[in-house]
Engineer: 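I have a structure here, written as structure tokens, and I will follow up with some questions on it.
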Amino acid sequence: MSALLLALCVAAVAAAGLYLVLARDLVGVVLGLGLIGAAANLFLFAAGRIGGLTAAFVSGPEGAAIADMANPLPQALVLTAIVIGFALTCFGIALALRLARLGGKADADALCSAEPPPRRDGEPGVLR
Amino acid sequence: MIHSDNAAPTPQWIGLTWLLPLGLFVLLIFSGQPTLGFSLEWVPSLGVSLAFHMDGLSRLFLALILGIGAMVFLYAPGYLHGDARLPRLMVLLICFMFAMIGAVTADDLVTLFLFWEATSVLSFMLVGFDNEREDSRDAARQAMLVTGGGGLALLGGLLLILHAAPGLRLSDLPRLDPALIADPVFSAGVMLVMLGAITKSAQVPFHGWLPGAMAAPTPVSAYLHSATMVKLGVYLLARFDEAMGATPWWEWSLVTLGSITALWAAVLILRERDLKRILAWSTVSGLGTLTLLIGLPNEWSALAFNSFVLAHACYKAPLFFVAGNLDHLAGTRSIDNLRGMGRALPVTAAAAVLAGLSMAGLPSSFGFIAKDVILTAKELADSLWLVGATSLLVSAIGVAVAAVATIRVFFGRPNDALCRDAHKEGLRLVAPPLVIALAAVALGLFPQLVETMLLDAARMMSPDIVFSNADVPALREAADLSTLGSMGLIVALGALAYLGWDRLHQGLARLTFLDPYGPASIYPRALAALKRGAGSVTRALQDGVIGHYLMITLAATCLLMLPLLARLEPAPSLRLDALEAGRIVGAVVVLTGALLAVLASDILARLLAAGVVGIGSALVFLFSGAPDLAFTQLAVETVFVVVAAVALRRHAALDPAPAPGPWRITIAVGFGLMLGVLLLALQAAPMDSSLGDFFLAASLPEAHGSNVVNVIIVDFRSLDTLGEITVVLLTALAAWPLTRALRHKGAIRR
């Protein structure tokens, strides 16, 4: 049951994140990226097999049996990913706000000065 | 004519290279072994091996490659005498010879493709040999694009064939399972192979590159573009003939294509004034006849095909040498100026006459015998009268071309200026055409010399040839009087065409409405259309809008994953476990957060929804034996929501972007679903847990830590963590000036 629910979570969070990214609102795009990161973390966590429900603390022979313990490897990877994702989203917010402040527009699709759209007559666009 | 100012001393070995193919030729002729084969492992996992197999058909083509090759190698140093680029030409020609040997002896389909492509690439380099001239470079590029494109079709076809019949070898083709021939995948593969073959053999509509390739030096034209490489296409078609012979579409498409090519090229011959281009078009016409012969269903056609391959090489190569001699010694190839050159170039004239006899199919030449077999095959085929009429016309034009290349050029009132200035004929320039033309005459007088070889080759296309009885020499049996009537008609028509050549030429030159269908027009148009098409595709895909790029990438990823997802079997268990209750609560919180994030219209509400997703994730982690993750997630989420909320206070004042359209929503939902199904399928698949078990077991004794997750982060994989910390620091450094600028500007505004 929880496997199905987790898959549903991944699907819903990724879809919500992509919806925000494609919705063009610049700060929403950054929040969407954060959501996609959350979906990716859940995906990684579940795909690496959760294992047992006991936390992976080993304390010598008298402790809990290793067989009951959670799988520590996906946890370690996801932990790294959470921190990196946090840093990325914070930077994204700062960048988005700065861009919005400079251009006055919060539309992601309007950001095309690096690659201007082609002109009506088919010739390539001009960099400004 | 090629003369270079920076003449360099020619290395000694250049003059002796012709002994190499000659030695191999002698070995081939006297070895007398009917079949021979060996195989080396190459990529066993893909079933690809360097497999070679030599049978009758290979031997015939090998004889041409080596025999004509020896004469070409003898001729080339004389033709490019004193030119600094001669060593380059010889090296390329030798490489080409070995590529051809590989191509006609390859047994493995991938090996065949490899050598096939090698011949295309070497042809490109040889056509563009005179690389300082623009027309030469253009011709080389055209040859490369056409035969290279055909090579791609060939590769696709061979791969489809290998898909339908894994491990198939060319030598298996005569004994194919009928069920395989009926397989549509196999048929599609053979169609693509046919496409590759007709580009190589310059059939309509890919015929334009061959006359263009005449920009190459004469030895190259004689070797690649008349005797050997262009015949590689028909060689491959002949290989498939026994397997596909009973298939109606095979027969019909080859007969139609061959007839159209032969006729169309024969018409285009009459529009040319350059002797070399006339010969080139007549080669295209001959290749059309070869294609037609493969398509004809009876066993005579197999013999006719092989006889004509031999006969064509034996007259067309010397005629190319003759054209080269005229160009080199008299300085022109235009039939308008060339008259009575026999006085200045007597030996060349003799070679031309001997080769011309064979081309016209007059008695005592091998061309006569080949033509006789061809006519017998066509009569037996009871095919359309149109095919018969076509071949009558084509043969008549062939006779006229032979007459132009001999009588018109070498006899009659001499062109005094040209004759006076003509250089003397060197041995290297006259020996090769003379030797090959004499060989053609010898074979015409004693056809039993090549009878075994031709019958062996024909049996590869039609294994149960009935006239294989050694008591009845097939070729002489063929040369009876039954076809003499048609031959007489052909020669008479040819004579008429020769006499009216100039009038025909003027008449056809006036038909300017033909120009749009000529090769000179098709190729540049196709090239321009390709550029236009590429431009519009690029503009459609790359319109500068980031959202569109993302949509294309996501949609393409979903499509690529579809076949994989169809193969996986997601098996979700619906069993409810009391221990999972906490995790389920967490999942519900996550789902709620995701829904809120979509429904919220305010950016701050969206931020809070993202926070809800984070807290839900933390709950999932907490109840899955991952307290470290849960704490980290909770801390990060709290800090992020608070910091971002502070930063976003004034964002609402900016213009809101339009809502996403239905396509964007579809793609977002589709990609999310794809990830979900993928996760379910992954969880159902078997898992190797040895890595996790290792960390659990090694954490305490080796790293002296009991929190295994922490031990992994700070000990086992500490370098990763160092990288992570670096990223976080760099991010802070990068964000600092941005936020400072925000504050600064805000302060001024306020």
Side-chain angles (χ1 to χ4, degrees), chain A residues 1-5 7 9-16 18-19 22-25 27 31 34-35 38 43 46-47 49-50 52-59 66 69-73 75-76 78-80 82-84 86-87 91 93-94 97-98 100 105-109 112 115-118, chain B residues 539 543-547 572 574 576 579-580 583 587 590-591 594 597-598 603 606 610 613 617 624-627 629 632-633 636 644 647 651 654 657 660 664 668-669 671-673 675-676 679-680 682-683 687 691-692 695-696 699-700 706-709 712-713 724 727-728 731 735 738-739 742:
Chain A
M1 185 70 187
S2 72
L4 190 64
L5 261 180
C9 283
V10 168
V13 176
L18 281 172
Y19 174 85
L22 290 172
R24 299 162 68 169
D25 182 80
V27 180
L31 291 182
L35 282 183
F43 186 98
R49 303 301 191 281
I50 295 168
L53 290 179
T54 314
F57 288 132
V58 288
S59 48
I66 281 180
M69 281 183 187
N71 186 1
L73 187 62
Q75 292 189 21
V78 171
L79 192 61
T80 312
I82 289 173
V83 177
I84 297 262
F86 166 67
F91 178 67
I93 294 256
L97 287 179
R98 175 86 181 124
K105 260 192 179 176
D107 185 355
D109 282 0
C112 52
E115 193 187 318
Chain B
R539 277 191 292 280
D543 55 1
V545 179
I546 307 173
L574 292 174
L576 200 57
L579 288 173
E580 288 176 336
R583 212 188 286 171
V590 169
L591 285 174
V598 173
I603 197 68
R606 281 193 169 147
V613 169
S617 303
S624 305
L629 278 190
T632 314
Q633 179 84 56
V636 156
H651 180 67
L654 295 167
R664 298 191 173 209
V669 171
F671 194 82
L673 281 178
L675 277 184
L679 179 59
L680 274 183
L682 271 178
Q683 284 176 314
M687 167 83 178
L691 209 53
F695 286 125
L696 284 173
S699 175
L700 196 56
S706 56
N707 184 341
V708 185
V709 177
I712 292 176
I713 288 177
E724 177 206 343
V727 169
V728 174
T731 314
L738 286 175
T739 51
L742 279 176

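So you know, we letter chains A, B, ... as the sequences are listed, proteins then strands, and number each from 1.
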Engineer: Where does A:A38 contact chain B at under 4.5 Å (heavy atoms): side chain, backbone, both or neither?
Structural biologist: side chain
Engineer: Testing the basics here: between A:A14 and B:G672, what is the closest heavy-atom pair and its distance to 0.1 Å?
Structural biologist: CB-CA, 4.2 Å
Engineer: Can you name the closest pair of heavy atoms from B:R606 and B:A597 and give their distance?
Structural biologist: NE-O, 3.2 Å
Engineer: Please identify, among B:A668, B:G547, B:G676, the residue contributing the most non-hydrogen atom pairs under 4.5 Å to chain A.
Structural biologist: B:A668
Engineer: For B:S624, what residues pass the side chain to side chain contact (heavy atoms under 4.5 Å, CB included) criterion, not counting sequence neighbours?
Structural biologist: A:F45, A:I50, B:R583, B:V620
Engineer: What residues form a side chain to side chain contact (heavy atoms under 4.5 Å, CB included) with A:A11, not counting sequence neighbours?
Structural biologist: none
Engineer: Which heavy atom in B:P660 sits nearest to a heavy atom in A:L22, and how many Å separate them?
Structural biologist: CB-O, 4.1 Å
Engineer: Of all the heavy-atom pairs spanning B:L682 and A:R49, show the shortest one and how long it is.
Structural biologist: O-NH2, 2.9 Å
Engineer: For chain B, find which of A:A76, A:A47, A:A16 contributes the most heavy-atom pairs closer than 4.5 angstrom.
Structural biologist: A:A76
Engineer: Which one wins on heavy-atom pair count under 4.5 Å against chain B: A:A15, A:A87, A:P72?
Structural biologist: A:P72
Engineer: Sort B:V636 into side chain, backbone, both or neither according to what part of it lies under 4.5 angstrom from a heavy atom of chain A.
Structural biologist: both
Engineer: Is it the backbone or the side chain of B:I712 that comes under 4.5 Å from a heavy atom of chain A, or both, or neither?
Structural biologist: side chain
Engineer: Please rank B:L629, B:V613, B:I546, B:T731 by heavy-atom pairs under 4.5 Å with chain A and give me the top one.
Structural biologist: B:L629
Engineer: Does any backbone or side-chain atom of A:L79 lie under 4.5 Å from a heavy atom of chain B? Answer side chain, backbone, both or neither.
Structural biologist: both
